[in-house]
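Shown next, in structure tokens, is the structure this report addresses.
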Amino acid sequence: MPKHKRESLIYTVMCFVMVLWMSVYNVTLHMGKFGVETLKEAWLGFPVAYIFAMVFDWFVVSGPAKAFAFRFLVKPDSSVLQKVIAVIIMSFYGGVEACVTSGEWGSLLLIWLTNIPKNFIMALPFQLLIAGPLVRKVFRTAFPEGTVLLKENI
């Protein structure tokens, strides 16, 4: 896990992997099939989804989630709460994206609420079994522990 902000910024490549995977998954759910058109739609919506996820991860989820969780719920080495909050927020984004595509804004709440369990089923196992270990391996290969310097050491 990253030890300071510079490592955290580098480590956010996990966000890229997760958003790309979940974009394809959610577009597949909403289109009802997987194919070239699904990949095209997911890829076209990916930049906005990635920016949305980065902003929420960096400015909203990380700080407040850590502060609340570490004070009331868990120990600092546990980050499951962050993952849960991220899935809920990104499920809302997926609902908004579906409403933009369909034009049916009256169903946003229903889409969001049905997206949450569907996204948990896909996002948490993918993050825990594939994206997390892969990104940690790449991160630690590229930046062995202690090689990313703190600001005051530069």
Side-chain angles (χ1 to χ4, degrees), residues 1-139 142:
M1 292 303 291
K3 303 218 184 308
H4 46 76
K5 286 193 183 224
R6 284 198 178 174
E7 286 186 359
S8 288
L9 185 57
I10 296 164
Y11 198 71
T12 55
V13 73
M14 174 97 64
C15 186
F16 179 90
V17 173
M18 287 302 299
V19 172
L20 182 59
W21 177 259
M22 293 307 295
S23 292
V24 172
Y25 174 71
N26 277 296
V27 171
T28 301
L29 285 178
H30 292 291
M31 291 181 84
K33 62 181 177 161
F34 178 77
V36 174
E37 190 65 27
T38 305
L39 291 174
K40 178 184 167 192
E41 289 296 318
W43 186 251
L44 289 174
F46 172 74
V48 175
Y50 182 64
I51 291 167
F52 182 85
M54 287 296 297
V55 166
F56 270 92
D57 183 52
W58 194 255
F59 296 109
V60 178
V61 175
S62 293
K66 283 180 188 174
F68 177 81
F70 296 161
R71 183 167 182 196
F72 299 108
L73 302 174
V74 294
K75 297 188 184 317
D77 60 351
S78 175
S79 63
V80 173
L81 181 65
Q82 283 181 286
K83 294 172 186 140
V84 169
I85 291 170
V87 169
I88 291 170
I89 290 170
M90 290 309 294
S91 295
F92 178 74
Y93 176 82
V96 169
E97 192 173 43
C99 288
V100 166
T101 304
S102 70
E104 298 178 22
W105 287 96
S107 59
L108 175 60
L109 182 61
L110 180 63
I111 292 171
W112 180 33
L113 293 176
T114 58
N115 275 355
I116 292 170
K118 291 175 188 175
N119 287 336
F120 271 111
I121 290 168
M122 181 58 70
L124 291 179
F126 181 76
Q127 200 283 326
L128 294 172
L129 300 174
I130 298 169
L134 176 68
V135 171
R136 278 192 293 279
K137 174 73 172 156
V138 170
F139 177 77

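Keep in mind the model is a prediction, meaning the values are calculated, not measured.
For the pair L29 and K118, the minimum side-chain heavy-atom distance is below 4.5 Å.
A donor-acceptor pair under 3.5 Å links the side-chain atoms of T38 to the main chain of K33, judged by distance alone.
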Pairs under 3.5 angstrom only: tabulate donor-acceptor contacts from the side chains of residues 104-117 to other protein residues two or more places apart or in another chain.
| residue | atom | partner | partner atom | Å |
| --- | --- | --- | --- | --- |
| S107 | OG | E104 | O | 2.8 |
| W112 | NE1 | I88 | O | 3.0 |
| T114 | OG1 | L110 | O | 3.0 |
| T114 | OG1 | I111 | O | 3.0 |
| N115 | ND2 | S91 | O | 3.3 |

Can you list, pair by pair, the side-chain donor-acceptor contacts under 3.5 Å of residues 41-53, counting residues two or more places apart and other chains?
none

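The list of ring-ring contact (aromatic ring centres under 6.0 Å, His included) pairs with a residue in residues 17-41, not counting sequence neighbours, reads W21-F126.
Contact detail for M18 and A131: the closest heavy-atom pair is SD-CB, 3.8 Å.
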